[in-house]
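Protein chains get the first letters and strands the later ones, always in sequence-line order, with residue 1 at the start of each.
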Protein chains: 2
Amino acid sequence: MSGATKPRRSVNTAERILDAAERLVQVRGYNGFSYADVAAELQITTASLHYHYPGKAELGEALITRYAARFADALAAIDRDIPEARSKLDAYVDIYADVLARGRMCLCGILAAEYETLPTPMREAVTRFFDSNQAWLASVIAEGRTSGTLSFEPSAADAANMIISGLEGAMLIARTGPDLERLRTAARCLLASLTR
Amino acid sequence: MSGATKPRRSVNTAERILDAAERLVQVRGYNGFSYADVAAELQITTASLHYHYPGKAELGEALITRYAARFADALAAIDRDIPEARSKLDAYVDIYADVLARGRMCLCGILAAEYETLPTPMREAVTRFFDSNQAWLASVIAEGRTSGTLSFEPSAADAANMIISGLEGAMLIARTGPDLERLRTAARCLLASLTR
DNA sequence: GTCTATAGGCAGATAGAC
DNA sequence: GTCTATCTGCCTATAGAC
């Protein structure tokens, strides 16, 4: 029934809303952007926004869901394409560096700062993002230790915690100054500590 | 003339405003608190707030100024009381752990997330905070290397960058979950990488 | 110094026409 | 799906009395 070709009605608008809102949140934070900002950028009205996303909270949820899914895809691609653990970590760092190079903060990093002001569903999604990232990192690190390309004392989970903390913190601080290389510098030191 | 004893008129009120506002910003962020929040907590009116701090931007500046001064005092105390570099770093970590234990984020860390929405004077103050912290850390690390208690490859500046990034990031992420020990865990790994 | 009163703007959100 | 029109509430800020 219904459609031979896809019903591409509002799908594009909904996606474009996410694109604009995502950028705004990554630059200004959840409490630093408004429906009016998104509407102005897309040249539609705020009433139209409410058609696609009933409220700011739902838009925020959709933002994290898509971001986390893309992140998971990127990690799956790394697992698929890169065999060696240390190189996987380099690729992981590249994801962060790309975000920063576009003048943005990690979506979930900036939302972590605003955590106490977020509606519960958004909080839970942010927490899940960090949990799954740390789990992926820990498995890569454990794998590297087994194969002998990484060596160090702490547990893989602790090392993963250090890596993700260092990357998020370096992004955070890098945006307050002119030197975006701060992230790369931090990443080099962090990864070096795993290969001694 | 005028006073034998100190004219402690509004001084206490101005300080109490800073105390309340500081807590609010460290928990909810600069864009997540209002004059009304502070006024309610102190049981005064927002009009009174404007007498002490003409606008939110000036209040924000005063907040960073006091916070940075306290931080500088704490670092000076460490330099005065603790001779050994590695122990100085432990004391530095304790400062962060104390903030987190009170359910707060580093004031300048949370402001870094909101950087793009801040008035220029606040931005500059945040940037200065990180610059001076990193300079202090780098000097301690360099000192530890000279005296032989620390040993590692990267420059002292790069190691300082890694430490402050890791601590800020760990605070940020720790607040999204139940495990506040995440900061301590990250700190252990970070400092361990400087003593190999 | 602190208050009442109020201005003026922007926020998120809804009803209903097209 | 997108619009106009509108609501209600909160925000920062000011004037002026006490």
> Looking at A:Tyr67 and A:Glu22, what are the two nearest heavy atoms and their distance?
Replying inline: CD1-OE2, 3.6 Å
> Roughly how many Å is it from CG in A:Leu49 to C1' in C:dT14, rounded to a whole number?
Replying inline: 14 Å
>> Rounded to the nearest 0.5 Å, what separates atom SG in A:Cys108 from atom CD in A:Glu168?
In response: 8.0 Å
>> Between A:Arg102 and A:Asp98 (salt bridge meaning N to carboxylate O under 4.0 Å), is one present in this structure?
In response: no
>> Rounding to an integer number of Å, can you tell me how far A:Ile44 CD1 sits from D:dT4 P?
In response: 12 Å
Without placing hydrogens or testing angles, list every side-chain donor-acceptor pair under 3.5 Å for residues 36-46 of chain B, not counting sequence neighbours.
unit_1  : atom_1 : unit_2  : atom_2 : d
B:Asp37 : OD2    : B:Ser34 : N      : 2.9
B:Asp37 : OD2    : B:Ser34 : OG     : 3.4
B:Glu41 : OE1    : B:Arg23 : NH1    : 2.9
B:Glu41 : OE2    : B:Arg23 : NH1    : 2.9
B:Thr45 : OG1    : B:Ser48 : N      : 3.4

> Do A:Asp19 and A:Arg66 sit within salt-bridge range, that is, some charged N less than 4.0 Å from a carboxylate O?
Replying inline: yes
> Is the backbone N or O of A:Gly29 less than 3.5 Å from a side-chain atom of A:Glu114, with the two atoms forming a donor-acceptor pair by type?
Replying inline: no
> Side-chain N or O of B:Thr45 less than 4.0 angstrom from OP1 or OP2 on C:dC3?
Replying inline: yes
>> Do the side chains of A:Asp79 and A:Lys88 get close enough for a salt bridge, i.e. N-O under 4.0 angstrom?
In response: yes
>> Using a 4.0 Å cut-off on heavy atoms, which residues in residues 21-34 of chain A reach DNA chain D? List them by number, or say none.
In response: none
> Tell me: CZ of B:Arg16 to P of C:dG1, nearest whole Å?
Replying inline: 13 Å
> A:Leu42 has an atom CG; how far is it from atom C1' of D:dT2, in whole Å?
Replying inline: 13 Å
> Distance from A:Leu167 atom CG to A:Leu100 atom CG, nearest 0.5 Å?
Replying inline: 11.0 Å
> Given atom CD1 of B:Ile17 and atom P of C:dT2, what is their separation to the nearest angstrom?
Replying inline: 7 Å
> Does the side chain of B:Ser48 get closer than 4.0 angstrom to OP1 or OP2 of C:dC3 through an N or O atom?
Replying inline: yes
Provide a list of protein-nucleic acid N or O atom pairs under 3.5 angstrom, restricted to nucleotides 13-17 of chain D.
unit_1 : atom_1 : unit_2  : atom_2 : d
D:dA13 : OP2    : B:Lys56 : N      : 2.9
D:dA13 : N7     : B:His50 : NE2    : 3.4

